[in-house]
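Along the sequence shown, residues carry numbers from 1.
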Amino acid sequence: MAGIDRRTGQVIDNLTSAYQGVEVTLSTRLGSRIMRREFGGGVAELLGRAMTPALFEAFRQLIGTAIDLWEPRFRVRKISLSGSVEQIRAGRAGMIFEVDYRPRGHLGDFTVERVVSFPLIFRAGGVEVMA
C-alpha cells in the first residue's frame, strides 16, 4: 500500500506512511479535532516542563498508548531515552522507539513483518520521525 506525503503530495511507501501517522498523532492536541475529540497523543500538553523521571514515564506511557491506539501498523515494544547526561539535564533528550511493523495492520491483519527502530524529535512545529 502507498500513501500520500502530507507536505509534498508525493506518493510514499507504507512504512513512511506509518511514520507520518505517528507524527500526526503525536503532534495533535487532545480535543482539537471537532469530530474526533479523543484523537491525539496528549504529549503537547506536557512539553516545556522540566524533565523528571516521573514526567519521562508519563511521556513514555502517553506516546506508547497513542501509537498502539491510533497507528495499527505499529505495536510498541520499547521506548528508550537517548542523549548525553548534559542533554537530558537541559531537557533536550530524545526518544528511540522499537516497534513491531505490521504492514497490513490497518486492514486487520496483525502479522509482524519485522521490528523497526526510529528516533523521534519534538520541534516547535510538532513531532518528526527521523527514519
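There is no path of hydrophobic side-chain contacts, each under 4.5 Å, that joins Val76 to Leu69. With hydrophobic clusters built from ILVMFWY side chains whose heavy atoms lie under 4.5 angstrom apart, Ile96 does not share a cluster with Tyr19. Linking ILVMFWY residues whenever their side-chain heavy atoms come closer than 4.5 Å, directly or via other members, places Leu120 and Tyr101 in the same cluster.
At least one side-chain heavy atom of Met95 sits under 4.5 Å from a side-chain heavy atom of Phe56. Side-chain contact between Arg37 and Ser32 is absent, with no heavy atoms from C-beta onward closer than 4.5 Å. Taking 4.5 Å as the limit, every side-chain heavy atom of Val22 sits out of range of all side-chain heavy atoms of Phe97. Looking at heavy atoms from C-beta onward, Thr25 lies out of side-chain contact with Ile67 at the 4.5 angstrom threshold. At least one side-chain heavy atom of Asp5 sits under 4.5 Å from a side-chain heavy atom of Gln20. Counting only heavy atoms from C-beta outward, the side chains of Gln10 and Ile4 never approach each other to under 4.5 Å.
Taking every heavy atom of both residues into account, Arg102 and Asp109 meet most closely at CB-O, 4.5 Å. Taking every heavy atom of both residues into account, Arg60 and Ile79 meet most closely at NH1-O, 3.2 Å. The nearest pair of heavy atoms linking Glu38 to Leu30 is O-CD2, 3.6 Å. Between His106 and Pro72, the shortest heavy-atom contact is CA-CG, 3.7 Å. Contact between Arg114 and Val116 at its shortest, heavy atoms only, is NE-CG1, 3.6 Å. Taking every heavy atom of both residues into account, Ala66 and Gly40 meet most closely at CB-O, 3.9 Å.
Using a cut-off of 4.0 Å between Lys/Arg side-chain N and Asp/Glu carboxylate O, Arg7 and Glu23 are scored as salt-bridged.
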Open item on the list: Please evaluate residues Asn14 and Arg73 with respect to the criterion side chain to side chain contact (heavy atoms under 4.5 Å, CB included), reporting the C-alpha separation (whole Å), side-chain torsions for both, the decisive distance (0.1 Å), and the verdict.
Closed with: CA-CA 9 Å; Asn14 194 19; Arg73 292 172 287 186; 2.7 Å; yes
- [ ] Begin from the C-alpha positions of Asp13 and Thr16 and carry the test side-chain hydrogen bond (donor to acceptor under 3.5 Å, both in side chains) through to its verdict.
- [x] CA-CA 5 Å; Asp13 65 8; Thr16 306; 2.5 Å; yes
Open item on the list: I'd like to know whether Asp100 forms a salt bridge (Lys or Arg N to Asp or Glu O under 4.0 Å) with Arg77, so could you lay out the CA-CA distance, the side-chain angles of the two residues, the decisive distance to 0.1 Å, and finally the verdict.
Closed with: CA-CA 7 Å; Asp100 291 333; Arg77 284 179 163 223; 2.4 Å; yes
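Under the 6.0 Å cut-off for aromatic ring centres, Phe74 and Phe118 qualify, their centroids lying closer than that.
Residue pairs that meet the ring-ring contact (aromatic ring centres under 6.0 Å, His included) test with at least one member in residues 34-54, sequence neighbours left out, are Phe39-Trp70.
Within a 6.0 Å sphere centred on CZ of Arg6, heavy atoms belonging to other residues, nucleotides or ligands number more than 12. The environment of Glu57 atom CD is dense: over 12 non-hydrogen atoms of other residues, nucleotides or ligands sit within 6.0 angstrom.
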